[in-house]
Structures are given as structure tokens and as C-alpha cells.
4 protein chains.
Amino acid sequence: MNGRSFSEHRVRRRPRRQRERQQRRADILAAAERVFAAKGFHAASIEEIARSADYATGTVYLYFKDKETLYIELFEEKIRALGAAIRQHLTPPADPVQALRQVVRARMAYFDQNRPFFSIYAREGMNLFEGRDERWRGVVKLYENYLDLLARLIQSGQRTGVFRRGRPRQFALALSGMMMQITRDWLQSRDRSALRTRSRFVLDLFLLGSQSPARSR
Amino acid sequence: MNGRSFSEHRVRRRPRRQRERQQRRADILAAAERVFAAKGFHAASIEEIARSADYATGTVYLYFKDKETLYIELFEEKIRALGAAIRQHLTPPADPVQALRQVVRARMAYFDQNRPFFSIYAREGMNLFEGRDERWRGVVKLYENYLDLLARLIQSGQRTGVFRRGRPRQFALALSGMMMQITRDWLQSRDRSALRTRSRFVLDLFLLGSQSPARSR
Amino acid sequence: MNGRSFSEHRVRRRPRRQRERQQRRADILAAAERVFAAKGFHAASIEEIARSADYATGTVYLYFKDKETLYIELFEEKIRALGAAIRQHLTPPADPVQALRQVVRARMAYFDQNRPFFSIYAREGMNLFEGRDERWRGVVKLYENYLDLLARLIQSGQRTGVFRRGRPRQFALALSGMMMQITRDWLQSRDRSALRTRSRFVLDLFLLGSQSPARSR
Amino acid sequence: MNGRSFSEHRVRRRPRRQRERQQRRADILAAAERVFAAKGFHAASIEEIARSADYATGTVYLYFKDKETLYIELFEEKIRALGAAIRQHLTPPADPVQALRQVVRARMAYFDQNRPFFSIYAREGMNLFEGRDERWRGVVKLYENYLDLLARLIQSGQRTGVFRRGRPRQFALALSGMMMQITRDWLQSRDRSALRTRSRFVLDLFLLGSQSPARSR
DNA sequence: TATGAATGAGAGTTCATTCAT
DNA sequence: CATGAATGAACTCTCATTCAT
């Protein structure tokens, strides 16, 4: 045995611990997603989440300060992942319309694969952030990033004259709302078809509106 | 004095009782709206609602079977009123686009005057209807009526060629979602301006889309 | 108009009022019997008793101080009636055995016609008299009178040598207990036959015991 | 140290947990017995029972589903123990009369040592089993077993000619009722003497009746 | 670290009782 | 007197959180 191997041992040790810790954290978040999706925030009990992750009740508290923190961090994780998914599909030198198309598609595809999370999101959203804004700041920030991305694309399109005048944020909100409601309906109807088949509809409506182009306006 | 006056007395009596009962019911609903808006369904306690209406806890139960019923009936009342407000602003022989304009305006004006209710609606919506669909049926029906109205207007516009092809319900959902998100943002930003100033934006976006008409497409 | 008629008027008035008052009191007691029998003391609500007697809730309180008083007075009435029924069937100059026979028969016949009351009695008896003996004193007294009657008959039989030695009260308790349990069983089995068909059995057992007389003892 | 000791360790572990759990359950049952005896089912609060067992309110619910279950399981435990006590005193090859003697003595001795439970039993018995028969089935079964035991002894005595003709169950009911009432009286009188001193009286009355044997019948 | 039993604050709900009409 | 709406104390039960093992 030499100093090096000991050192290596130390060096290894931490990361493994860390990795294990991350793994357990992820296990619990996954269980929380299942249970929150199935029952909603209030009806879900920590006990049930723990059991669903194959841990004991107390263990959850070693990874999350309290129930609301668990909920918030689940949101952060999921919305962060949505952001990542979008960035991944965004080929940088695209024109704004093309980019928007990519964003919408990525967004729809993301919820296609995250139905349980969307059902949490649609049902209770960030409804708990009442007064206690503080703890939600991270999630709100992430959502704002997403809106900002949409808004910036629109704004850049406005500069090139592709988009009409108007407050970019309002356009972004409206687009986001359209997707939201359509996703909600898809979820509730238990439609087996993929959500992303609606991307085209959303984009067309957002870009062209509902009126017939045949009509001279 | 004749027999008729006695009869009149009897005739009057019931209505007064009924009127008073309705009044108290309304008092409690108003208090419930305040408290639910401020705290959300779960954090709101019957005790607090009762106090806010200046009644004792038990009194609430003379008017509503239980907490969820109170919540549901508040929804029914409010969504019914939204429906009424819309119908009132809808001058029958209007063309679909005109009618849609009226609906959107009425919808926005309604929430302008019902901020507290919207904050309940936006936050928790009908998220409690999990499994217990039965009790929510009335509310769901009312919401469907509203969506149907939008869908029918679009459909009739499609027949006259004003609107593009597409499933009317999807258009309706999208329009509803746009309004939803814009209202949500308005509420959260504590914007002092009237919500209805956004009606024009919503309609233009829905009808014409976001792309510049200048561009030949 | 003369003094006499006025006087008569006064004389009549009171009694009628009194009679009406007694009538209403009786109505309520009858309703209480029905409801207590069906649901037990705690599950029975004053509201339901009042409705069952076709009065308003508050009216009950004009005739009975509170719920327990109502219960107690129902007991008093019923046990007093049992006493009366027994005395009625008791032809004074009978020998003790004969008299006992009459008492048992009257007792069984009484509950034959008072099933609802017995079901109250069997179920909860005087279980509420815990600590608050005071209010139950009257009922206890009446029950003691009944036991005393049995005890005195036995005692007098002992003096004439018909009955064996032993504390008369113990004999009385045992006899009462036998009838009690047999009545309880009859009630629960929903036996359609009359309870009084068991009188013979009870008497024979009490007088002769269960052992075969054939056996020399 | 060998693998076996480790194994033993594991083997022990479970039983200790189990034993502790049983102990706590028993603590709570004992407290429930005290409180139910003192106040009756309805007036007893879970809070008070918990405090009396030195636990917190919620703890009771870890061991018993709800208040009625606690009550029922107390009954089951106690009546099962009565059965056990009786069987223990029953030397198999005894003749029916002898056996009956043993049963009565065991029964009386049991309540001598279980005054609090008897006061629950005498006061409210199984009066809560109204409609909700299901949950009481176990207790009813145990009580029926006890009655059956008495009935079978009598029946076998009838076959050997020691007992008179008659429905064995009626004899059993009567005997049970005699003991019941005598126990009730003993409890209420706060008699310091042992209940079992009454066994002789009960048996003699049940076997021989109250009439004097001197008399030729 | 992991466990899960224990905690106890807190909520919904009921209903005996009161009292203005 | 009769009414029945209002009251609010009291109770059962849940569950997030803690902590001894």
C-alpha cells in the first residue's frame, strides 16, 4: 500500500458517495412524480412517495427539506429538462420562424414523454406559490427563461419584418397558453395519439391565425 | 282588511325567507371566494371562511354539505355568470368573426371584474376532480358549453369560408388557452390596467396570426 | 255573563292547556321512543325526534330540559307503565307462587307490546347514569320497586316454606336477569312469536330449576 | 464468531419488534378499558385514552383503525380471555353438572378480576352493532361460542336424564342472564366481597330452582 | 445513513342548545 | 308558545415532520 493508492481511494470515495446520493435523490424524485401525478400534491403523502421509491419515510427528509421543497425541486428538474430538450433541438443559425417551429416541436415532444409531469403541471401548476414566492424563485426563473426564449425569437422576427408589431412577451404568453390548453385536453381525453401531432396545428394557428388566407384582408 | 290581504301575507312570507337564505348563501360564497383566492383550496379553512362571512363555523354547513361542495358551487355560480355575461354581449345576428370578438371581450371583461375568482380558477382550476368526477359534472358541463360556443362560431365561420379548415374544438381550445395565459400573467403582474385592453391583441393574434401580413406567403 | 261562567271559563282553561301540554309531551316521548329505538341514544338527534313528532327542534326544549332528561323521562314513563301493568294483573289475595306467575306473565306481555322500548332498554339500559346518578334517581327507584315486588313475593313464600332460604333480592335479580336475556334474544332473533310464550319456561326454570325432577336429590 | 450468530441475530430481531408492538397495543387496550369503563364509549375520547396510555393521539391510530375498531378489539380480547379462562377450568371428563359448576365458577371468577371490563359490557354491551354487524361478527361469534358451550353441556345432561326437557339454548340464555344481572348488581353496589361467592347461589338456583325441595311437588 | 414509530397540531364535521322572530 | 337558523364546543382522524435506534 502506498500513499497514492490511499489518495486514489479518497479521490474515488467522494464521487461515489455523491453519485449514490444523486441516484437516491433521483429515485425519490421519480417516485414523487408518480405519486403527485396520480393524486395531486395534497393527497400524496410522503409515506407513499417513500414506499414507492422503496425507502423509508425518514429517508426522504435526508434529501429534501420538506414536502413543498420536494415538489419544487421536482418542478425545477423537469422544467430544466424541458429547457435542455429545447436547446438541443435548436440549431443555432435558423431563422426565427424555423427556430419557433423547432421550439414548439421540442416542447410538444417533451410532454409526450412526460405525461405524468404534465398532469401535475396542468392540475396544480405552481399554485402553491402564494406568498412564499421565495422558494419558487428558481422555478419561476426557469419558466421565465422559456418565455424569454420565445419572446426573443419573436422579437428578432419582428426586426426582420417577419412578425407583426406587438409586445413580444404577449405573443410568447399566447403561444404558451395555446400549447398548454391543447396539451391539457390531450391529457384528459386520454388520446392515444402523440401530442406532437398537434405541433403543426399550433404553429399554423400561431403564425397564420385562424382566418382563411383565401380571403383578401 | 279582507281575506286577500291575509293571502298576500302568506304569499310574501315564503319569498322573504327564501330571499334571506339566498342572501346568506351568497355571503358565504363571497367569503369563500376571498379566502380560496388568498390561500387555495386546501389552506383555506371553513372556520376562516365562516369568520370572513361573519358567521359561525357550523353555519356554513347549513348552506353547503361540505367543503368541496362549497368549492364546486362557487365554481358553478361563477362560470354560470361568465356564460350569462357572454350571452348578454352576444347580439344574435352577428357574423362569426363579430360574434367571436364579442365573446372574447365579454370574457376578458368578466375576469376584469372577477380577479379573485380567476386566481382560484388559474391556480387550482378543477384539479380536485380526481376520481370524484360525479360532483364536478355540473361545472365541467358549463365549461364545455363555453368551449362549444367558441367551437360553433368557428365552425359556422368555416362554412362561410371565413375560417380555415381544422377541428373547431382545437381552435376553441387554443383561443381559450391564449386568454388563460394572458389573464394569468396580468393577474400575477398586478398590472393596474384593465384586462380587457388585451382583447384586441388576443383577437388579432387568433384571427390573423403573428406573422406580418406584408409578407407574401 | 255572570261570575259563574267566568269562573267556569277559568276552571276549564287551565285543564285544557294542561291537557294539550300533556298531549304534546306524549307526542314527543313517542317520537323519542321510535328514534332512540332505531338509532340508539347518541345517534338519535333532537332534530330528528322533533321532526318525527312533527314539531320544530326548539319545541322539544319547551317540554324537556335537555336530551338526557328526555331519555330519562321516557324511561320513567315506560317503567312506570310496566309497574302499572304488573299491578293490574296482580290479584291481591294470591299465594306467592301464583303472584309470581302473574308478575312474570305481565312483564313478558308488557315487552311484547313494547318492543321498541325494550330495544332501547336492552341496548343502552341506564348506561348513561355514570356519576350523574342524581337525575336517574327516579328511574332507579322505579326499577328498585319492581325488584322489591319480586323480592317481597319470594320472601313471603319463604315464610310459608314454599321457597328455599336465601337472600330474596338475589332471587329477584336472577329472575329479572333470566327474563332480560330471554327477551334480548327474542328481540334480536326477530322471532315473530309472542314473547309471552316464554313465560312458562321462565317460571318453570325459576321455580323448579333445570334438573330433572325424576332424579332423587 | 460465526455466521450462525449473525443469523441468530436476525432471527431475534423480528420477534423483539413484534413483542414491542404487542406490548404497546396491550398498553392502549388497557387504557381504553379504563376510560371506556369510566365514561362509556361515546364520552370517552381517543385523546383521553392515548394520554391514559402515555401516548399521543395519533399513536392510537397506528394500532387501531378507528375508535370503534379499538372498542371491538377490546371486546374480542376480553371475551376470548373469558373463553380461555373457562376452558382452563374445565376438566374434560366431568359430568355435565360438574362441568356447569366449573363454567359458572370460572365465569364469575373472571369478572371478579375484570370489573372494569364488565362495567363496559354491562353498560353498553354490543349496543353499537347497529347495522354495521360486519365488524362485530368476531365478537358475536365468541359470545355464541360461550352460549353454545353452556347449551351443549345442558343438552348432554338431557341425554343422560339429569336435565329436564327443553330447548338447551333457552336454558343457556337464562343462566347467562342470571349471572349477568347478579354481576351487575354486585358491580353497582360496590360490594367488596368477591363476585365468585355468588357462584354457589347461581348454580343452586339454576339447577334446583327456587322452590323448597321439602315441598312435595 | 437509513429507518419507521411516535408525535401533535390542525382540519372537517356534527349536533345539543339557544334565542330572535 | 312555537319555530328553526345560528352557534361553537368538541370530537375523530390525518399526516408532515422528528428522532432514537
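Here is the naming used below: chain letters follow the sequence lines, and residue numbers restart at 1 for every chain.
Toward the 5' end of DNA chain F, the nearer of the two residues C:Asp54 and B:Ala56, judged by each one's closest nucleotide, is C:Asp54. Nearer the 5' end of DNA chain E, as judged by each residue's closest nucleotide, is the contact made by A:Arg21, out of D:Thr59 and A:Arg21. The nearest heavy atom of DNA chain F to B:Arg51 and to C:Arg51 marks one nucleotide each, and the one closer to the 5' end goes with C:Arg51.
In this structure, the CD1 atom of C:Ile49 is 17 Å from the P atom of F:dG4, given to the nearest Å. What separates CZ of B:Arg25 from P of F:dA5 is a distance of 15 Å, to the nearest Å. Per the geometry, CZ belonging to B:Phe64 stands 15 Å off P belonging to F:dA5, to the nearest Å. The distance from atom CG of D:Leu62 to atom P of F:dC13 is 14 Å, rounded to the nearest whole Å. One can place OH of B:Tyr55 at 13 Å from P of F:dG8, the figure rounded to the nearest angstrom.
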Worksheet item: What's the verdict on side-chain contact (heavy atoms from CB on, under 4.5 Å) for C:Phe75 and C:Tyr121, showing C-alpha distance, side-chain angles and the deciding distance?
Response: CA-CA 8 Å; C:Phe75 259 72; C:Tyr121 183 53; 3.5 Å; yes

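Closest non-hydrogen pair, D:Thr57 versus D:Tyr61, comes out as O-CD1, 3.7 Å. The nearest pair of heavy atoms linking C:Leu29 to C:Glu73 is CD2-C, 4.2 Å. In terms of heavy-atom proximity, B:Ile49 sits nearest to B:Ala31 at O-CB, 3.5 Å.
By the 4.5 Å heavy-atom criterion applied to side chains, D:Arg25 and D:Glu77 are counted as neighbours.
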Look for any protein N or O under 3.5 Å of an N or O in nucleotides 16-19 of chain E and output each such pair with its distance, or none.
from: E:dA16; atom 1: OP1; to: C:Ala44; atom 2: O; distance (Å): 3.4
from: E:dA16; atom 1: OP1; to: C:Lys67; atom 2: NZ; distance (Å): 3.0
from: E:dA16; atom 1: OP2; to: C:Ile46; atom 2: N; distance (Å): 2.9
from: E:dT17; atom 1: OP2; to: C:Tyr61; atom 2: OH; distance (Å): 3.0
from: E:dT17; atom 1: OP2; to: C:Lys67; atom 2: N; distance (Å): 2.9

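Here A:Tyr63 reaches the OP1 or OP2 of E:dA2: one of its side-chain N or O atoms lies under 4.0 Å away. Within the 4.0 Å cut-off from OP1 or OP2 of F:dT21, not a single side-chain nitrogen or oxygen of D:Arg17 is found. A:Arg24 has no side-chain polar atom (N or O) that falls below the 4.0 Å cut-off from OP1 or OP2 of E:dT1.
Between A:Phe36 and A:Phe41, the ring planes are parallel. Angles under 30° get that label, and only those over 60° would be called perpendicular.
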Fill in: Pairing annotation in dot-bracket form, given for DNA chain F with Watson-Crick or G-U pairs under 3.5 Å and | for cross-strand partners
.||||||||||||||||||||

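Put simply, the side chain of D:Arg135 never gets that close to the backbone of D:Ile72: no donor and acceptor are under 3.5 Å apart.
Checking C:Arg24 against C:Tyr63 by side-chain atom types alone, a donor-acceptor pair falls below 3.5 Å.
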